[in-house]
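Below you'll find the structure, written out as structure tokens, and then a few comments.
Chain naming here is simple, since letters A, B, ... match the order of the sequence lines and numbering starts at 1 in each.
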Amino acid sequence: MLDSGSGHARSGTVLLQTIGLTKRYGSFLANDAIDIAIRPQEIHALLGENGAGKSTLVKTIYGLIQPSEGEMLWQGEKMVLAGPHDARARGIGMVFQHFSLFDNLTVAENVALGLDGKESFKAMSARLEQVSQQYGLPLDPKREVWQLSVGERQRIEIVRVLMQNPKFLILDEPTAVLTPQEADQLFVVLERLKSEGRAILYISHKLDEVKRLCDTATVLRGGKKISTCLPREETAASLARMMVGTEIKQVKAAANRQTTVPRLVVNDLSLAPDEPHGVHLKNISLELKGGEILGIAGVAGNGQDEFFAALSGERLAKDPGTIVIDGHAAGHLSITARRKLGAAFVPEERLGHGTAPRMRLSENALLTGHAASGMVHNGFINTAATLATVDRATASFDVRKAKRDPEAASLSGGNLQKFIVGREILRNPIVLVVSQPTWGVDAGAAAVIRQALLDLAAAGAAILVTSQDLDELADIADRIAVMFHGHLSEPLMTADADRETLGLLMGGSALTPKDVPDAVGA
Amino acid sequence: MQLVLEKRAERSTIIALVSPVIAIGLTIVTMSILFMIIGKNPIAALNVYFITPLTDAYSLQELAVKAAPLVMIAIGLSLCYLANVWNIGAEGQFLVGAVAGSWLAVKTNGTDAGVWVLPAMLLLGAIAGALYALIPALCKVRFGASEILVSLMLVYVADLLLDYLVRGPWRDPKGFNFPTTAEFDPVATVPLLFEGGRLHLGAVIALVIVVAAAVLLGRTIKGFEIRVVGAAPRAARFGGFSSNQLVLLTFAISGALAGLAGIIEVAGPVGHLQPGISPGYGFTAIIVAFLGRLNPVGILIAGLFLALTFIGGEQAQIAMKIPLDITKVFQGILLFYVLACDSLILYRIKLIMPQRKVADGAA
């Protein structure tokens, strides 16, 4: 596919090199003098925790960010990028973690929007089909995007980049939204691209993947390059040490956890979506006892958000009996009433959903605490009580912040998540519904949060954890169920839930046909 | 070289306080240029606008008289705007409040009704303003209609209603055919604070409302609800607050305050119902609300400042033959600068020098 010269490039020649690349935001160094060299026919991993500077580095290479200092060499020559179009013109392509697709347009229309439009739509569609066939990324150009699974949407993004015949591809956490089987298929494609002489920069924090797929790995931490190594010669533990800088504490469940009475029961819950492309929840039933953690796995967009809204009371069910909290029919109750029954909720989005970003932590403590924790007397706010909650959450969950009561938006993701989880746990809930508890959180904070969930369960609460991170669920859940197209599978004991089985459930293939009469079209 | 707006980690408290001052400064500079263009001496004009009114007792009282309705209306509007609800029709609610209260004054005119008349008028004015404001609120909640358009259009309906009443059924039979009601009885008139002065009870009521609003917003859960629904709607829903209820509540409160201001204006300084009872208080109050940073105390200060432009505008017309409409231009420019300066609370301006070393090397 590539020009004759570079197709057989020796692995010694460097395709892209950065020398002392630095990006400064005020006094903050997002990237601090980073040297990295990427060769043709190489899959190069970029490893690091959230906030390590991975995104800044790749955005600089893709021309989205101008570096403050340092330079980039492209095939040995100095490269200054005015913008992504400059990068694309040189043969640099990027697949973002968050897709930029229009739901109501077809696959071909979406791809056309990303190209320069020099060829006719018909020719482009034909080429799209040909490229997608050639790389084993089957796509129907005429289907509208909202009908496609997340994996299929990612294919569009990849094909869109491949149609520009890039020499160098950047993929930002591509497997975060895929089932294990889909990830395997993606690896086959990447190997193939590599064999054609292309270079790939692969951003991830999944160490097993990196060890399996990548030839070289560069580890970033705190904006600095820690090392460049050969991942196949490292262990997952040694890579993790480089990423985090210290050993990560392993979470530990209490040895003999007792399950008690059912605390959260869902009876045949069905709920039509309130948005055009929302997911229809269908006949969901589960029973969760005190002392138990139930994990819900699944690819994003299969009804997890809708299920959270139904459980929390942000959307009400028609029949009160469909959701039972601690023995009380609650399907018709508001979120405040459910909190008064002893339920607590942690949504996926920290800023804007879990907290009001531009309000102080004490006010955000009041946001969910006003119903049932002595923060309000006769309509008046007890400021001392709200501040006390902030102080207790800070002390118990090691929330790092610049002052006693800052705005929520000024905290880092991990610290804000610790505050939110702390705020809810300090209310001693008997039911806790948590969505993506450690999404985008650094490893240290993630360990604190997971341990807190285990401790809360040990104290007798029923916990429902929705997560896309199968390792996380394996760590903390007693049972795991999978959500697919608004259906919830029967829960499996965590010991029986191997990746293979979960992966099949996440892809919908393990469901009996009668469960998914319309899954194909939906 | 390029100018970049860079997001601040936290909102800047200093800029939040200083931004209205910067806005006023920029407005004065712009107005000076405008005065020069129309051939007036800017120093003299600004002097007449902003200094002269502050130098005699009569003008100072007049300042409070003009500021009272502005502050009352702006407090109500600030509750709406904090909750991200856009009531633009306070002028209409002001007029309807004036009409409703005047109804009782007209009906009891010349009878020996007791001292209950004035309190009843104030109550009627507030209720009518609230009900009138609930029309756009209900249209928004029930049908998803834009409250901006509906509330604005209802201003003209109210204007014409008042016009019809004072030219028709309520016209003073002894009024030489002027479109006005009879002069209100003493029991239907807002009492003056000092004999022979201009300052009336309305100023005190405005102060009480400022304090009440400060307590509501700063100390109560309802005030928190108003702020959080506006600042982060999804988080507010997660907190268990209903935005629809709040649309109704904030519209009702702001309508009631505008209606109250309307009847106080008619039963106070004006003394009878007639067209043109408002020099645009309902619209100017929007500027007051934003210039006062949607904060009750800020609104009090901003209300006094905008009242100054009304008085200064009148004096400038008399003393320097500067058209009265310049006052409106002034207020418009001020709002423009206030909103522009507000972006500095969340962002800082940064000057970025070119740093393309490549370009240097090539040159």
What distance separates A:Ser334 OG from B:Arg237 CZ, expressed to the nearest 0.5 Å?
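A:Ser334 atom OG to B:Arg237 atom CZ measures 13.5 Å (nearest 0.5 Å).
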Starting at CZ of A:Arg358, measure out to CD1 of B:Ile345 and round the result to the nearest 0.5 Å.
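With rounding to 0.5 Å, CZ (A:Arg358) is 11.0 Å from CD1 (B:Ile345).
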Given side chains that start at C-beta, do those of [X] and [Y] come closer than 4.5 Å, heavy atoms only?
{"X": "B:Phe241", "Y": "A:His370", "result": "yes"}
{"X": "B:Ile221", "Y": "A:Phe380", "result": "no"}
{"X": "A:Glu363", "Y": "B:Arg227", "result": "yes"}
{"X": "A:Leu367", "Y": "B:Val228", "result": "yes"}
{"X": "A:Glu349", "Y": "B:Arg234", "result": "yes"}

Is chain B contacted by the side chain of [X], its backbone, both, or neither, given a heavy-atom distance below 4.5 Å?
{"X": "A:Arg339", "result": "side chain"}
{"X": "A:Thr368", "result": "side chain"}
{"X": "A:Phe345", "result": "both"}

With respect to chain B, which residue among A:Glu314, A:Met359, A:His353 yields the maximal number of heavy-atom pairs within a distance under 4.5 Å?
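Most pairs with chain B among the choices: A:His353.
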To check you understand the geometry: which heavy-atom pair defines the closest contact between B:Ala235 and A:Ala356, and what is its length?
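That closest heavy-atom pairing would be CB-N, 3.9 Å.
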Considering non-hydrogen atoms only, spot the tightest contact between A:Pro347 and B:Phe238 and give its length.
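What the structure gives for the nearest pair is CD-CZ, 3.5 Å.
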May I ask you to check whether over 12 heavy atoms, not counting those of A:Lys59, lie within 6.0 Å of atom NZ?
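For A:Lys59, atom NZ is not crowded (no more than 12 foreign heavy atoms under 6.0 Å).
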As an exercise: rank B:Ser242, B:Gly240, B:Ala236, B:Gly218 by heavy-atom pairs under 4.5 Å with chain A and give me the winner.
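Counting heavy-atom pairs under 4.5 Å, the top option is B:Gly240.
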Go through A:Ile381 and B:Arg219 one step at a time and tell me if the side-chain contact (heavy atoms from CB on, under 4.5 Å) criterion holds.
CA-CA 5 Å; A:Ile381 299 164; B:Arg219 296 269 171 263; 5.9 Å; no
